[in-house]
Every structure is written in C-alpha cells, then in structure tokens.
Amino acid sequence: MEMERRFKVYVYSEGEPPIVHDGPCKDIYTMEGRFIHEMEHGPSARFRTRDATRAHAFFMPFSVTRMVTYLYQPSTYDVTPLQRFVADYVGAVSAKYPFWNRTHGADHFMVACHDWGPHASVGNPHLYNNSIRALCNANASEGFNPQKDVSLPEIHLLDGNISPKLLSPPPTHAPRPILAFFAGGLHGPIRPLLLRHWKDRGDPDLRVYEYLPKHLDYYTLMLQSKFCLCPSGYEVASPRIVEATYAECVPVIISEHYVLPFSDVLNWDAFSIKVEVSGIPRLKEILKAVPEDKYRRLREGLKAVRRHFVLNQPAKRFDAFHMVLHSIWLRRLNLNLG
C-alpha cells in the first residue's frame, strides 16, 4: 500500500502523561488510548518520523478521556477546562514550531473517542474548522465534516480484549433462532421509541430489553440472533455495531446524522442494514422481509470486514489502527495547502 511506503507522522513530544502520551486502553474508549500507544510505542511507530520536515501529518497525542478524568468537575457539564487545555496545547506547539501556522492546523490531527471530543476541539477555532479530527462522536449535525474529519469505530473492550465468546462465531449454517436482539438503557431520543414499541412484548422473534435478566447472557443472545439492533444513545456512535460485527450478527443501524466509520473504503450496505427512526414500529416487518440470500450475503460481508474492526496488539495490516491511519492519510492527500 502507498500509505505504508510513504506516510510519515510527526508526534509532538510536548505534554506529560496522563493527559498527553497516554489514554484508556480498555472499556468503551479503548480506541483512543490504543491509537496513542500504538502510534508512539508499537511496531507501527514505523509511520512515525522524528524529523518534522519529512512529516505529512502532525499528531497531537492528548486524550480527551483523560482530560475528563483529571480536569472536569463532576456534575457541572462545564467543558471549558477541556477547551482551555486544547487551546493551551495548540498555543504551545504553534509557538515552538512553524508547522501549525503554515497551514492553520490543516495537516494536524487529534484522536478522541469520548463523547466530548468535538466539544474539546472547540478550544481552538482552527483545530475545529481545519484540522483532521478523528472522533467516535461523528455527528454530521454537530459539526463533524466527513471531508476532513475521520469517524472512529467505538470499540468496547471491557478488559482490553475481545470477549472469548466472540472470537469464533458459529458457522454460517448454524441456526440463529432469534430474528433480532437489543438490550440497553434509555439513552437519548431513539432508544425510548424502540423500547416503547418492542420492550416486553413477549415476541420470541424480537427480543428487546432495557435491562437484561440475570439468567441471560448478552453475547450469547447476539450469537443466537440474525440481526442486532444498534440504536444511537445520547451520541450517534454505538459499541454494539462492532460487537455485532464480531458476533456476525447483522447490525441494524438506527441513527440520524451518523457518519459511519471507514465509509471511504467500506460499503456498509454490504454488511449492515439501516433503518430510519420512523421505521421502528415496522422493525419486525422490515427484517422479516430481508430475503434469505441477501441475509447470507450480509453475513459473508461481516466475515470479510471483521478484521478492520479488531484492535490487535501489536497492530496488524488492515486492522482498526491501520484503517484509522488510512482514513487520516486519505484526508491528508485531499488537503490543498494552496
């Protein structure tokens, strides 16, 4: 790949852990910390150059999740401390080096999987408007610009690893007796609609729970289901999309304004189904109407794309780390510095 041969990233050394050069490597914000660690310390550091004059892009390795942990005052919903840190960080690197000022940050990038990543980026107008923001919260109605920004998959690894139950999904011919499955809390505007129409219906085809009964197992139900419902919560991204991909349970994406990860190179219609929010009352009808041959093609599509959503340690070709880096590379190629 051309990216592997040519792409060089300069990682700014400014800042100290835990807010810079560090990040969460497990739980729901895994993508953020693992990218920082791989970029700085993993074998993929081959993409890193110590000579800034050779760099095609410049990485600001701060962690918004760590900012929330160490700078945010709980229950205030005040993101000003995060924005102030970002403003100070950009101010420091732009005062010390010429690279930010020559492009107004257009060849710089940040990576954030916390919901408040977009809000933190407001700390510097050029970062918000010009830089490549790699975000899990990729909401086109809230300033996410797919022409320059990168949508990250939200990968929930409770202990930093894929659940053993999802490592080897059942073969394609194995029966999946449940049509569709969802379990999750009342977050945001879409899930209440889903639960109002389908929770506690006693329908063996459509298993929808707010709280999963203790005698049932979340991943086992995914592996027994043909389709996994993936409604947005407070923010557009959902870790269920990746979990469903691991389980080879066709994701049913119910969202508004969500720019799906890696859409530059992946055809989501080949391995998922999108349902409008207005279609929630007809979910069973919609999914029952999917022909068996199309369903089999969707399952095969999931098998083909699975590796693109896996975070390996160390990173491997075509895995999630490389897909994110490739997305940044594509936007750097499209950048017209004038």
Side-chain angles (χ1 to χ4, degrees), residues 8-52 55 57-74 76 78-97 99-100 105 107-124 126-128 131-137 150 152-161 239 311-315 319-322 324-325 328:
K8 294 297 179 185
V9 175
Y10 183 77
V11 181
Y12 284 113
S13 61
E14 282 63 32
E16 298 291 336
I19 296 179
V20 190
H21 310 295
D22 195 11
C25 291
K26 58 183 179 180
D27 219 329
I28 200 165
Y29 304 125
T30 301
M31 186 77 244
E32 184 176 307
R34 291 278 273 271
F35 186 92
I36 293 171
H37 279 259
E38 186 67 30
M39 195 71 244
E40 296 212 40
H41 308 297
S44 296
R46 71 180 186 277
F47 292 106
R48 182 179 181 179
T49 178
R50 306 283 177 172
D51 180 358
F58 298 81
F59 180 35
M60 298 173 289
F62 51 69
S63 166
V64 174
T65 303
R66 290 285 193 254
M67 291 182 207
V68 174
T69 301
Y70 293 100
L71 303 178
Y72 170 68
Q73 294 297 318
T76 63
D78 179 10
V79 297
T80 305
L82 284 63
Q83 294 171 343
R84 189 178 300 120
F85 182 93
V86 169
D88 290 346
Y89 192 87
V90 172
V93 298
S94 63
K96 184 173 181 179
Y97 306 94
F99 311 111
W100 176 276
D107 52 0
H108 286 56
F109 70 94
M110 61 173 280
V111 171
C113 216
H114 195 280
D115 291 348
W116 290 351
H119 301 295
S121 71
V122 175
N124 182 280
H126 290 308
L127 172 58
Y128 184 87
S131 299
I132 301 168
R133 300 176 305 154
L135 305 169
C136 282
N137 188 7
V150 170
L152 299 176
E154 193 165 85
I155 302 176
H156 184 193
L157 301 179
L158 188 61
D159 63 356
N161 300 293
L311 281 169
N312 295 296
Q313 286 185 301
D319 69 0
F321 172 83
H322 284 85
V324 172
L325 203 62
I328 294 166

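These values consider heavy atoms only, across backbone and side chains, with no hydrogens, waters or symmetry-generated copies. For this chain, numbers begin at 1 and follow the sequence in order. From a predicted model like this one, the values you see are computed outputs, not experimental measurements.
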- Message: Side chains of Phe109 and Val9, heavy atoms from C-beta outward: is any pair under 4.5 Å?
- Response: yes
- Query: Do Val111 and Ile36 touch side chain to side chain, with heavy atoms closer than 4.5 Å?
  - Reply: no
Scanning both residues in full, the closest heavy-atom pair of Tyr128 with Ser121 reads CD1-OG, 3.4 Å
Heavy atoms of Met31 and Ile155 approach each other most closely as SD-CD1, 4.1 Å
Taken to the nearest 0.5 Å, the spacing of Leu82 CG from Tyr70 OH works out to 14.0 Å
Scanning both residues in full, the closest heavy-atom pair of Thr30 with Leu311 reads CG2-CD1, 3.7 Å
The ring-ring contact (aromatic ring centres under 6.0 Å, His included) partners of His21 (sequence neighbours excluded) come to none
| Distance-only, no hydrogens or angles: does the Asp319 side chain make a donor-acceptor pair with backbone N or O of His322 under 3.5 Å? | yes
Distance col, row Arg133:CZ vs Leu127:CG, nearest 0.5 angstrom, shows 7.5 Å
In terms of heavy-atom contacts, Ile19 and Met67 come closest through CG2-CG, 3.7 Å
Interatomic distance, CG@Asp27 vs CG@Leu158, rounded to 0.5 Å, equals 6.0 Å
Closer than 3.5 angstrom, by distance alone: can the side chain of Glu14 be matched with the main-chain N or O of Val93 as a donor-acceptor pair?
no
Is there a side-chain contact between Ser131 and Trp100, using heavy atoms and a 4.5 Å cut-off? yes
Non-hydrogen side-chain atoms of Asn124 and Gln83 separated by less than 4.5 Å:
no
Quick check on the 6.0 Å ring-centre criterion: do Phe59 and Phe35 meet it? yes
request  = State, with a plain yes or no, whether a side-chain heavy atom of Arg34 is found less than 4.5 Å away from one of Gln313.
outcome  = yes
Here the gap from Tyr89 atom OH to Met110 atom CE, rounded to the nearest 0.5 Å, amounts to 12.0 Å
CG (Asp22) and CD (Glu32) are apart, to the nearest 0.5 Å, by 10.0 Å
Residues Ala112 and Gly117: closest non-hydrogen pair is CB-CA, 3.9 Å
Exercise. Taking the six-membered ring for Trp and the full ring for Phe, Tyr or His, determine whether the centres of Tyr12 and His108 are under 6.0 Å apart.
Key: yes
task: Please tell me if the side chains of Cys136 and His114 come closer than 4.5 Å, counting only heavy atoms from C-beta onward.
output: no
**Message:** Quick check against the 3.5 Å criterion: does Glu38 have a side-chain atom that pairs as donor or acceptor with the backbone of Phe321?
**Reply:** no
(request) Taking the six-membered ring for Trp and the full ring for Phe, Tyr or His, determine whether the centres of Phe58 and Tyr97 are under 6.0 Å apart. (result) no
- Take Asp107 and Tyr10 through the side chain to side chain contact (heavy atoms under 4.5 Å, CB included) test and state the conclusion after the steps. CA-CA 11 Å; Asp107 52 0; Tyr10 183 77; over 6 Å; no
Residues Asp159 and Lys26: closest non-hydrogen pair is C-CB, 3.8 Å
So CD1 of Ile28 and OG1 of Thr65: to nearest 0.5 Å the spacing works out to 10.0 Å
Do His119 and Val64 have side chains that approach each other closer than 4.5 Å (heavy atoms only, starting at C-beta)? no
**Prompt:** Do Met39 and Leu325 have side-chain heavy atoms sitting under 4.5 Å apart?
**Reply:** yes
inquiry  = With a sphere of 6.0 Å drawn around CZ of Arg46, does it hold more than 12 non-hydrogen atoms of other residues, nucleotides or ligands?
reply    = yes
| task | Using only heavy-atom distances, determine whether the side chains of Thr80 and Asp78 contain a donor-acceptor pair under 3.5 Å. | result | yes
